[in-house]
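Side chains are part of it too, since the values below use all heavy atoms of this structure and drop only hydrogens, waters and symmetry mates.
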Amino acid sequence: MIIKALSMTATSNASSSSSPRRGRKNDPESVQADILAVATREFSEKGLSGARIDEIAEKTRASKRMIYYYFKDKETLYLHTLEAAYQKVRLQETELQLNHLAPVEALSRLVRFTFCHHANNPDFIRLVMIENIHHGRYLAQSKLIQSLNAGVIDALTNVYSRGVEAGCFREGLDPRELHWLISALSFFNVSNQHTFSRIFDWQQMTPENQRKLEDHVTDMVMRYVLPDDTTMAIP
């Protein structure tokens, strides 16, 4: 039941928070998806300690009692919110069909996807930052998140191994470190956008600058992976 609800969050519209509380008995999966969508916004804006079940209930089609029925308590709801956020990005990664692409194109597509996903989902970045404040304590409780994140390393390992075998990637790299590099560059773009823009008086998040940064990040990652003497055009 919970897994189905989590998968629905990928298409859930935050505007549902203004919907009247109707039909909830006949559509429990939709109600849970609505709760998770609102909880994502509340936890990302206020953190685990600052978010309130009363406020989440007011902005959903569910009552406070129903939220407790589905999610037991605030910490459990927070954990399921984390799971929904990670499941959304990992499901979208599987849609990239990397195994059907040549290694260079596959890696380039993954880098660009990660950069754009993070830029378009600041709530996800804030949730990850909040979970780091808690030293990853709640994330460690989730077998689902562990499985999802193991899957992305497996996919990246496959792309990298194919590239090494084809002679277009240099040997000796750790896919986990490569994933770290991709994530770090894409994450910083969102996590530090306000401070960086103000300190250096630069409109970092304009469409033009975001396109440039996406190209730069992709170029940096690909140059790190490609052999030193490679002159091929980077997708």
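Tested against Glu42, the residues Arg52, Lys59, Lys74 include a single salt bridge (Lys or Arg N to Asp or Glu O under 4.0 Å) partner, Lys59.
Counting heavy atoms of neighbouring residues, nucleotides and ligands inside a 6.0 Å radius, atom NZ of Lys72 does not exceed 12 of them. Atom CD of Gln97 sits in a crowded spot, with more than 12 heavy atoms from other residues, nucleotides or ligands closer than 6.0 Å. Applying the 6.0 Å contact sphere to CH2 of Trp202 captures more than 12 heavy atoms from other residues, nucleotides or ligands.
Here the closest heavy-atom approach between residue Ser63 and residue Ala57 is recorded as C-CB, 4.1 Å.
Using a 4.0 Å cut-off between a side-chain N of Lys or Arg and a carboxylate O of Asp or Glu, Asp215 and Lys212 do not qualify as a salt bridge. Using a 4.0 Å cut-off between charged side-chain N and carboxylate O, Arg90 and Glu93 make a salt bridge. In this structure, Arg112 pairs ionically with Glu214, as a charged nitrogen and a carboxylate oxygen lie closer than 4.0 Å.
Looking only at distances, a side-chain donor or acceptor of Asn132 sits under 3.5 Å from a matching main-chain atom of Val128. In this structure, Ser44 contributes its side chain and Arg41 its backbone to a donor-acceptor pair below 3.5 Å.
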Worked check of side chain to side chain contact (heavy atoms under 4.5 Å, CB included) between Leu77 and Phe43 | CA-CA 10 Å; Leu77 176 57; Phe43 284 126; 3.9 Å; yes
Please lay out, stage by stage, how Leu107 and Leu178 fare under the test side chain to side chain contact (heavy atoms under 4.5 Å, CB included).
-> CA-CA 10 Å; Leu107 182 57; Leu178 181 56; 4.3 Å; yes
Before giving the answer on side chain to side chain contact (heavy atoms under 4.5 Å, CB included), spell out for Leu110 and Val159 the whole-Å C-alpha distance, their side-chain angles and the decisive distance to 0.1 Å.
-> CA-CA 10 Å; Leu110 178 61; Val159 170; over 6 Å; no
Check against side chain to side chain contact (heavy atoms under 4.5 Å, CB included), Thr60 and Met66 | CA-CA 11 Å; Thr60 66; Met66 185 172 290; over 6 Å; no
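With hydrogens and angles left out, the side-chain atoms of Gln210 and Asn189 include a donor and acceptor closer than 3.5 Å. A donor-acceptor pair shorter than 3.5 Å cannot be found between the side chains of His134 and Glu131. Of the N and O atoms on the side chains of Ser161 and Asn158, not one donor lies less than 3.5 Å from an acceptor on the other residue.
Side-chain contact check for Glu83 versus Leu36: every heavy-atom pair is 4.5 Å or farther apart. Residues Phe188 and His118 form no side-chain contact, since every pair of their non-hydrogen atoms from C-beta on lies 4.5 Å or further apart.
Note: Leu127 CG to Thr40 OG1 = 6.0 Å, rounded to the nearest 0.5 Å. We find the CD-CZ distance between Gln193 and Arg198 to be 10.5 Å, quoted to the nearest 0.5 Å. Remark: Tyr138 OH to Thr76 OG1 distance equals 9.5 Å, nearest 0.5 Å. The NZ atom of Lys64 lies 11.0 Å from the CD atom of Glu55; values are rounded to the nearest 0.5 Å. Between atom CD1 of residue Ile182 and atom CZ of residue Phe115 there is a gap of 13.0 Å, rounded to the nearest 0.5 Å.
Between His117 and Phe124, the distance separating the two ring centers is shorter than 6.0 angstrom.
For the pair Arg170 and Tyr224, the cation-pi criterion (under 6.0 Å, within 45° of the ring axis) is fulfilled.
In terms of hydrophobic clustering, with Ile, Leu, Val, Met, Phe, Trp and Tyr side chains grouped at heavy-atom distances under 4.5 Å, Trp180 and Leu185 are assigned to a common cluster.
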